[in-house]
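Take a look at the structure below.
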Amino acid sequence: MKLPTTALLATLLATGCSFSISGNHRVVGKLSGAIVDAQAIDAIQVENHAGKVAIRACEAPAASVEVEVLLTADRPATDYVRDFAKHVKLARSGPRLTVTNRHDSAVDHEDWQLRFVINVPTGMAITIHQAAGQVDIQLPSAKDVVVDSAAGSINITIAEITGKVTADNQAGEITLAVTKNGPTGGCHLNCTTGTVSLTLPKGTNGMFDLHATTGDISVAKHYGLETKRSVTSESANGQVGSGGATFYAHTVTGTVRVR
């Protein structure tokens, strides 16, 4: 996957804040493609260089990929072709659906951005690779969730997760909120520069590994974890309850919050 421009990434790594990656891009079109036989899908993978990926729940007959297409202001709007297949590739391999930004392999890929809203049946595994932008997953349930980003925001809000959540972000923020049950496989949340926020259901048991190399740790009292400060770093480690998975949340520069 191609990374964003060096200047953009350097700025984001220095500031560690959320951002809008639209820059001088403007929306030139909106398209939609149906996901056929969606009830047979148990995993979805999304590949997008820059823009936004939102995952939402729907009934199988309504499954679809909606996309806003953005183009740089110095390119004429006539360069945009109103054809879903010219911008998005949908590929099936057994029960896995892969959604790909077709511009990513083109010479002029930095001139284009795609903002996806992907409507799928609940309960599947999700993998998202995006260099720069926003990832926003809001679902009643899911299996394993994997998200990686070079810069931007990762927001995952799921009631029940039967599996593990893995999220990596170089600059920006990671937010994981599980409201009902899980993740049964724990989580691995890692941010180079920025904030990691983890919210779990009350009564969650497991091993907690929390660390900020340069920054702070904030943990709700009901976990009973003691934070330890060493010069610029802070950590909180220990077992909560009996058994359970491992909950890992680290940042090099920034803050880790657990609620």
Side-chain angles (χ1 to χ4, degrees), residues 9 12-18 55 125-130 134-139 141-259:
L9 184 54
L12 291 164
L13 288 172
T15 61
C17 60
S18 60
I55 307 291
I126 299 167
T127 300
I128 299 174
H129 302 294
Q130 180 168 259
Q134 301 171 331
V135 174
D136 183 26
I137 303 171
Q138 297 183 37
L139 294 170
S141 66
K143 297 177 184 176
D144 293 317
V145 178
V146 178
V147 181
D148 67 73
S149 173
S153 63
I154 298 172
N155 176 69
I156 303 167
T157 303
I158 302 176
E160 296 185 88
I161 302 178
T162 56
K164 183 177 181 179
V165 177
T166 302
D168 290 281
N169 200 359
Q170 291 184 37
E173 57 192 20
I174 299 172
T175 301
L176 170 61
V178 184
T179 59
K180 189 175 180 180
N181 185 52
T184 57
C187 68
H188 187 286
L189 313 178
N190 190 64
C191 189
T192 304
T193 303
T195 300
V196 178
S197 300
L198 172 62
T199 301
L200 297 170
K202 290 288 182 66
T204 296
N205 294 334
M207 175 61 70
F208 285 76
D209 180 352
L210 315 175
H211 185 77
T213 305
T214 302
D216 303 288
I217 302 289
S218 173
V219 185
K221 290 183 178 180
H222 67 263
Y223 288 98
L225 294 172
E226 179 183 355
T227 59
K228 298 179 180 180
R229 167 68 66 177
S230 176
V231 192
T232 62
S233 68
E234 193 166 24
S235 61
N237 301 279
Q239 177 72 36
V240 175
S242 60
T246 296
F247 299 94
Y248 175 107
H250 282 212
T251 183
V252 176
T253 303
T255 302
V256 175
R257 301 190 184 101
V258 180
R259 298 292 180 263

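Since we're looking at a predicted model, the values are computed, not measured.
Note that the CG atom of Asp168 and the CD1 atom of Ile154 stand 7.5 Å from one another [nearest 0.5 Å]. Between the CG atom in Asn237 and the NZ atom in Lys228 there is a gap of 7.5 Å [rounded to 0.5 Å]. Atoms CG and OG1, on Leu176 and Thr199 in that order, are 7.5 Å from each other to the nearest 0.5 Å. Annotation: the span from Thr127 atom OG1 to Asp148 atom CG amounts to 9.0 Å, rounded to 0.5 Å. Distance check, rounded to the nearest 0.5 Å: CD1 of Ile158 to CD of Gln138 gives 9.5 Å. Atoms CD and CG, on Gln130 and Asn169 in that order, are 10.0 Å from each other to the nearest 0.5 Å.
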Chi angles and distances behind the side chain to side chain contact (heavy atoms under 4.5 Å, CB included) call for Thr246, His188: CA-CA 8 Å; Thr246 296; His188 187 286; over 6 Å; no
Pair Tyr223-Leu200, side chain to side chain contact (heavy atoms under 4.5 Å, CB included): steps then yes or no: CA-CA 10 Å; Tyr223 288 98; Leu200 297 170; 3.5 Å; yes
Worked verdict on Ser218 versus Arg259 for side chain to side chain donor-acceptor pair (under 3.5 Å): CA-CA 8 Å; Ser218 173; Arg259 298 292 180 263; 2.6 Å; yes
Worked verdict on Leu139 versus Ile126 for side chain to side chain contact (heavy atoms under 4.5 Å, CB included): CA-CA 11 Å; Leu139 294 170; Ile126 299 167; 3.3 Å; yes
Side chain to side chain contact (heavy atoms under 4.5 Å, CB included) between Phe247 and Thr204, worked out: CA-CA 10 Å; Phe247 299 94; Thr204 296; 3.7 Å; yes
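Nearest approach of His211 to Ser233, heavy atoms of both residues: CE1-CB, 4.1 Å. Heavy-atom minimum distance, Pro201 versus Val178: CD-O, 3.2 Å. Nearest heavy atoms, Thr227 versus Ala236: CG2-CB, 4.1 Å. The shortest non-hydrogen separation linking Cys191 to Val196 is CB-CG2, 3.6 Å. Between Ala245 and Gly186, the closest heavy-atom pair is CB-N, 3.3 Å. For Gly152 against Ser149, the heavy-atom pair with the smallest separation is N-OG, 4.2 Å.
His250 has its side chain within reach of Asp209: a pair of non-hydrogen atoms, C-beta onward, lies under 4.5 Å apart. Using a 4.5 Å heavy-atom cutoff, the side chains of Ile137 and Ile128 are in contact.
For Arg229, the side chain to side chain donor-acceptor pair (under 3.5 Å) partners at least two apart in sequence or on another chain are Asp216, Glu234.
When atom types are taken as modelled, the side chain of Asp144 and the backbone of Lys164 share a donor-acceptor pair closer than 3.5 angstrom. A donor-acceptor pair under 3.5 Å is absent between the side-chain atoms of Thr192 and the main chain of Val252, judged by distance alone. Of the possible polar contacts, none joining the Thr214 side chain to the Thr232 backbone as a donor-acceptor pair under 3.5 Å is found.
Partner of Asp136 under the side chain to side chain donor-acceptor pair (under 3.5 Å) criterion, out of Thr157, Thr175, Asn155: Asn155 alone.
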